[in-house]
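Sequence positions, counted from 1, serve as the residue numbers for this chain.
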Amino acid sequence: MTRNQRTGRGVAGKPGRRYELTDEAWERIEPLLPRQTRGGRWNDHRVTLNGIFWILNAGAQWRDLPERYGKWESVYHRYRRWTRECLFDRLLQRLHLALDEEGRIDWSAFNVDGSNIRADRSAAGARKKRAKQSRLTTPWDDPAEALARSFIW
């Protein structure tokens, strides 16, 4: 397996497949990821993240993870551990702050104030329009009439 296959990078450092981290994205988040201190050797964080992104975007089961991302159990356990430790929340918060400082967030595209969200009239308790009852509808409240109009022999 070549280095590009292991890291999931194609030509000129661009991602070789959908949903995989670009070099720029990887450079932004790599310093925020935990460092290994002791114990066994961890799988590469970039490959593991690409596997997590593949699962989340494909909607597949963990056992269907392609082999290029490593063992599905390893990717799953790292995802669960990082979720429990709120690593993804911290990553998003730090990235949000960094991108805002660089002016790369367009605040006009966000609806931060939730007081202007409109709901349907019926959500506020307004009367609902009643549809006219069709004569073809079987009146289930009168069993004799329902049986008389039944199409079951």
Applying a strict under-4.5 Å side-chain criterion to I, L, V, M, F, W and Y, I'd like to know whether Leu32 and Phe53 cluster together.
yes

Using the side-chain hydrogen bond (donor to acceptor under 3.5 Å, both in side chains) definition, which of the options Trp54, Tyr69, Trp26 pairs with Glu20?
Tyr69

Name all residues meeting the side chain to side chain contact (heavy atoms under 4.5 Å, CB included) criterion together with Glu101; count only those two or more places apart in sequence or in a different chain, and write none if there are none.
none

Let me know which of Val75, Leu33, Asp44 forms a side chain to side chain contact (heavy atoms under 4.5 Å, CB included) with Leu49.
Leu33

Is it the case that the side chain of Arg46 and the backbone of Leu21 share a donor-acceptor pair, with hydrogens and angles ignored and the cut-off at 3.5 Å?
yes

Using only atom types and a distance under 3.5 Å, with no angle test, would you say the side chain of Arg78 pairs donor to acceptor with the backbone of Asn43?
yes

Hey, what do you get for CG (Leu65) to NZ (Lys71), rounding to the nearest 0.5 Å?
13.0 Å

Can you confirm if the NZ or CZ of Arg80 lies within 45° of the ring axis of Trp62 and under 6.0 Å from the centre of its six-membered ring?
no

Spatial distance of atom CD1 (Ile105) from atom CG (Leu99) [nearest 0.5 Å]:
5.0 Å

Would you confirm whether His45, through its side chain, and Arg35, through its main-chain N or O, come within 3.5 Å as a donor-acceptor pair?
no

Roughly how far apart are Tyr76 OH and Arg81 CZ, rounded to 0.5 Å?
12.5 Å

Please report, to 0.1 Å, the donor-acceptor pairs under 3.5 Å made by any side chain of residues 82-92, with sequence neighbours excluded.
residue : atom : partner : partner atom : Å
Thr83   : OG1  : Tyr79   : O            : 2.7
Arg90   : NH1  : Glu85   : O            : 2.6

Let me confirm one number: the CZ-CZ distance from Arg94 to Arg28, rounded to the nearest 0.5 Å.
14.5 Å

Does Gln61, at its CD atom, have more than 12 non-hydrogen atoms belonging to other residues, nucleotides or ligands within less than 6.0 Å?
no

